[in-house]
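Letters A, B, ... are given to chains in the order of the sequence lines, protein chains preceding strands, and every chain is numbered from 1. What you see below is based on every heavy atom in this structure, not just the backbone, and it leaves out hydrogens, waters and symmetry mates.
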Amino acid sequence: MVNIYAGNLAFNMTEADLRNMFEAHGKVDRASLVKDSMSGDSKGFGFVEMPNDKEAKAAIAALNDMDTQGRKMTVNEAKPKADRSEGRDRY
DNA sequence: GTTGAGCGTT
């Protein structure tokens, strides 16, 4: 299982589109596009989980830094999610 | 616009 981060995405992209991109290179366990909770606007990045290690690497290699909507998107292995379960107004 | 919650009043 590989957790993948995809940033600098097109803001018109949806979770289905994201999943599609990665499924072109292997099996996709889950695809999520991060968006604002209230407005629903895309935040321009998302995550994809792929069960097959080599397929995930292939997808990253193929999609990372590729030209899309006039920009270069960023794709790499995701870092662990920060723990925000204690609330949002710390600090 | 670049590393994930959720959207209600404990």
Salt bridge A:Lys57-A:Asp53, side-chain N to carboxylate O under 4.0 Å: yes
Donor-acceptor contact below 3.5 Å, side chain A:Asn64 vs main chain A:Thr74: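 No, the answer is negative, given that no donor and acceptor are paired below the 3.5 Å cut-off.
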Main-chain N/O of A:Val48 paired to A:Arg30 side chain as donor or acceptor, under 3.5 Å: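 Side chain of A:Arg30 to backbone of A:Val48, a donor-acceptor pair under 3.5 Å: no, none is there.
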Stacking of A:Phe47 on B:dG4 base (centres under 5.5 Å, planes under 30°): yes
Stacking of A:Phe11 on B:dG1 base (centres under 5.5 Å, planes under 30°): yes
Using whole Å, what does the distance between atom [atom2] of nucleotide [N] and atom [atom1] of [X] come to?
{"X": "A:Leu33", "N": "B:dG1", "atom1": "CG", "atom2": "P", "answer": "17 Å"}
{"X": "A:Lys35", "N": "B:dT2", "atom1": "NZ", "atom2": "P", "answer": "18 Å"}
{"X": "A:Asp41", "N": "B:dG6", "atom1": "CG", "atom2": "C1'", "answer": "16 Å"}
{"X": "A:Lys81", "N": "B:dG4", "atom1": "NZ", "atom2": "C1'", "answer": "6 Å"}
{"X": "A:Asn64", "N": "B:dT3", "atom1": "CG", "atom2": "C1'", "answer": "14 Å"}
{"X": "A:Lys79", "N": "B:dG4", "atom1": "NZ", "atom2": "P", "answer": "9 Å"}
{"X": "A:Ile4", "N": "B:dT3", "atom1": "CD1", "atom2": "C1'", "answer": "13 Å"}
{"X": "A:Asn12", "N": "B:dG1", "atom1": "CG", "atom2": "P", "answer": "15 Å"}

Measuring from [X]:[atom1] to [Y]:[atom2], what's the distance to the nearest 0.5 Å?
{"X": "A:Met73", "Y": "A:Asp67", "atom1": "CE", "atom2": "CG", "value": "10.0 Å"}
{"X": "A:Met13", "Y": "A:Lys35", "atom1": "CE", "atom2": "NZ", "value": "14.5 Å"}
{"X": "A:Met66", "Y": "A:Met21", "atom1": "CE", "atom2": "CE", "value": "5.0 Å"}
{"X": "A:Asn8", "Y": "A:Arg71", "atom1": "CG", "atom2": "CZ", "value": "5.5 Å"}
{"X": "A:Glu77", "Y": "A:Ile60", "atom1": "CD", "atom2": "CD1", "value": "6.0 Å"}

Between B:dC7 and B:dT3 - C1' atom distance, rounded Å: 22 Å
C1'-based separation of B:dG6 from B:dT10 [nearest Å]: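 It works out to 15 Å between them.
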Touch class at under 4.0 angstrom, heavy-atom based, for A:Phe45 against every strand present: sugar-phosphate
Any donor-acceptor N/O pair under 3.5 Å between B:dG6 base and A:Asp36 side chain: no
Under 3.5 Å donor-acceptor pair, A:Asn76 side-chain atoms to B:dT3 base atoms: yes
Closest to side chain of A:Ser32, choosing from B:dG6, B:dG4, B:dT2: B:dG4
Given B:dT2, B:dG4, B:dC7, the nucleotide with the shortest approach to the side chain of A:Thr74: B:dT2
Residue met sooner reading DNA chain B from 5', once A:Ser37 and A:Glu49 are mapped to nucleotides: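 So the residue in question is A:Glu49.
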Within residues 50-63 of chain A: residues closer than 4.0 Å to DNA chain B (heavy atoms):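 DNA chain B contact set from residues 50-63 of chain A: none.
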Those residues of residues 15-28 of chain A lying under 4.0 Å from DNA chain B by at least one heavy atom: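 Per residue number, the list is empty: none.
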Short side-chain N/O contact from A:Arg30 to OP1 or OP2 of B:dG4, under 4.0 Å: no
Least distance between heavy atoms, A:His25 atom then A:Ala58 atom: ND1-O, 4.5 Å
Partner of A:Ser42 by side chain to side chain contact (heavy atoms under 4.5 Å, CB included), out of A:Asn12, A:Leu9, A:Leu33: A:Leu33
